[in-house]
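Throughout, protein chains are lettered first and strands after them, A, B, ... in sequence-line order, and every chain is numbered starting at 1.
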There are 2 protein chains.
Amino acid sequence: MHSQKDVTIYDIAEKLNLSPTTVSRGLKDHPAISKKTKKRINDIAAELGYRFNTFASNLRSKRTNTIGVIIPRMNSSFMSAVLAGMEKVANEASYNLIISQSLESAEKEAVNVKTMFNNRVDGLMVSVAYDTVGVSQFEMLLEKGIPLLFFDRTLDHPQCTSIVIDNYKSGYLATQHLIAQGCKNIIHITGNLARNVYADRQRGYESALKDAGIQTDPNNTFINVLDEQAGIDCAQKILKMNPLPDGVFVDNDTCAVNCMAILMNNGIKIPEDIAFIGFNNDPISRVIRPALSTINYPGFEMGEIAAHKLIAHLNGQQSINSTNSIILRSELIARDSSKRIK
Amino acid sequence: MHSQKDVTIYDIAEKLNLSPTTVSRGLKDHPAISKKTKKRINDIAAELGYRFNTFASNLRSKRTNTIGVIIPRMNSSFMSAVLAGMEKVANEASYNLIISQSLESAEKEAVNVKTMFNNRVDGLMVSVAYDTVGVSQFEMLLEKGIPLLFFDRTLDHPQCTSIVIDNYKSGYLATQHLIAQGCKNIIHITGNLARNVYADRQRGYESALKDAGIQTDPNNTFINVLDEQAGIDCAQKILKMNPLPDGVFVDNDTCAVNCMAILMNNGIKIPEDIAFIGFNNDPISRVIRPALSTINYPGFEMGEIAAHKLIAHLNGQQSINSTNSIILRSELIARDSSKRIK
DNA sequence: CTGTTAGCGCTTTCAT
DNA sequence: ATGAAAGCGCTAACAG
């Protein structure tokens, strides 16, 4: 079923009466090799159908020029933006990216870490799964000195840099905005409070209520996985409330629009009856009617900065550790779903 | 900056007075090794912080258990579903997947193919970029006997299997549905007609019109990249038409909803003035109002089947070639955006 | 059930 | 500007 024998640099060397060393250098565009020799090498390589053997190279050189990325899911425009930012920076520095998904499972995440570890990634960037607990699954990397960086959904570790937005402030601003529109009974739909992003937004939500003299109510915080079904479920839950809330802050745009759709199907007017604000500035927030107010999340920039930090570390220019963490700016985008005051 | 020396199977062997072979087998859960020895090996491995060296293994064994996937973009729910289906099947057969994006660029796609090639993927599954021309960039794989399979956006090659939906029929059904709703002046917003998916849908569109005795008009086919901006641009173009069309068939839901949003902003009523039907059954089609009629695309199933076919080939059970191509069923989902007849 | 030997294809080191 | 020698860590082939 399979291939004939592979062409190696020895085959090329033999054909040209050169050493394998010279061929290796020639193929890598090493400065010490003459232009002419390089051309001969490359011509023969093409003619013989030579292909570079990454495994032999990595085995010998003990480096892979590969950076691992583990994310919960590939499906949001936010994540696409992050990955695009990472890929841009990595490519410019001639690193490859290998990306894997935990599918929000801590277990799969641990397997992915191990695979990345065995694949000798030079460094790893992670946004942790919904239910990840502790950092022990990452210790093997740190013991070997492999730099580990968290972005968006982070874990605390003195040896790790984190790149986040100011989730506390974002939560505060979102809630404050609803209050400014006259909302007094505001629900927060959020995720696992063990995750920094949700915990910080919840704190921001609570602070904003407190600063406005509004009592916080634990029943007004809904915790779920923030997907489409969760949005639908929350809508059902809201419809049963008495009195109805007058404002809803959802930590994810996709979840928010699904929730809105069900409420509107049930005769609720948005923003008149219930004002909405989401999170992420997903493209969906712009096409839905009423357009969804949201918090802009600079994903591309986050990806760029994360990759940049990691590569700076690999080049010995800067260290990965918790003192180098970065908080990016996010901002509120007010659209029709929250505008009750004209 | 980096790590101490790596622990190898030799280190483990020495500690236990075993041969490296036995250790290698023990770590792999080889049946010929006693339970007891296996346990000793694994315990010491854990204690020493041993990590398996994929490169050495791949170099020696000349197989990687890795399947490459190249897709245009990671950002649609359709693609997520395809990848999830592939990953499920691949994992069950203990293959790893490496995924890369062409970002719709034929050039980047060719680079990705080369990288996959150098990484010795056992097989490759590709949905080609928007502007890919010819199959020459894939010839190196075929020459080495590396199986190549196309899905969704395919190329014709006798040695390659393709997994597609019936795009002709889908285009026909979508158009026929609009006609059945009373539309007589129907626009088709589609992509590069060099791509099978768009060419086939366009043929279906034309056949449906013809069968209904409606004259086809080249000006009624809009060709673009089908992203959000394209949807907006198409809306502007439609607004300038006189008379306005009464039906629009868009080959992508995301593009469709953006187009609808602009039209509605300009006072057009959907479906009363213009009926809409999209393609893919993206989640967005369900939350938008009016809900978007669309064509369901069985992405997960497509991913499963593609991976299954490729792995069957690698196991010598079945061959990858054009005679084994598969056409999956897709179906029309009628929602409010096209329902003019009650 | 366990061991010996050799070599996968490359790059590093040291030489010239 | 080029080369010789060695070895990265594993597993296949053969042996017992």
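- OP1 and OP2 of C/dT11 both lie 4.0 Å or more from every side-chain N or O belonging to A/K62.
- Heavy-atom minimum distance, A/L142 versus A/C160: CD2-SG, 4.2 Å.
- Listed candidates were D/dG9, D/dT11, D/dG3. Nearest to the side chain of B/A56 is D/dG9.
- For A/S19, a side-chain nitrogen or oxygen approaches OP1 or OP2 of D/dG3 to under 4.0 Å.
- Only B/R25, B/K28, listed by number, bring a heavy atom of residues 25-47 of chain B to less than 4.0 angstrom from any atom of DNA chain D.
- Between A/S61 and C/dT11 there is no side-chain N or O to OP1 or OP2 distance below 4.0 Å.
- Residue-to-nucleotide proximity on DNA chain C shows that, of A/S24 and B/R60, the 5′-proximal contact is made by B/R60.
- As judged by a 4.0 angstrom heavy-atom cut-off over every strand, A/D11 is placed among residues making no nucleic acid contact.
- Across the interface with DNA chain C, nearest-nucleotide mapping of B/R120 and B/T21 shows B/T21 to be the residue nearer the 5′ end.
- Here the side chains of B/R195 and B/V128 are in contact, with some heavy-atom distance below 4.5 Å.
- Pairs of residues two or more places apart, or lying in two chains, that qualify as side chain to side chain donor-acceptor pair (under 3.5 Å) and include a residue from residues 91-103 of chain B are B/S100-B/N112.
- Note on A/Y10: a base of the nucleic acid sits closer than 4.0 angstrom, heavy atoms only.
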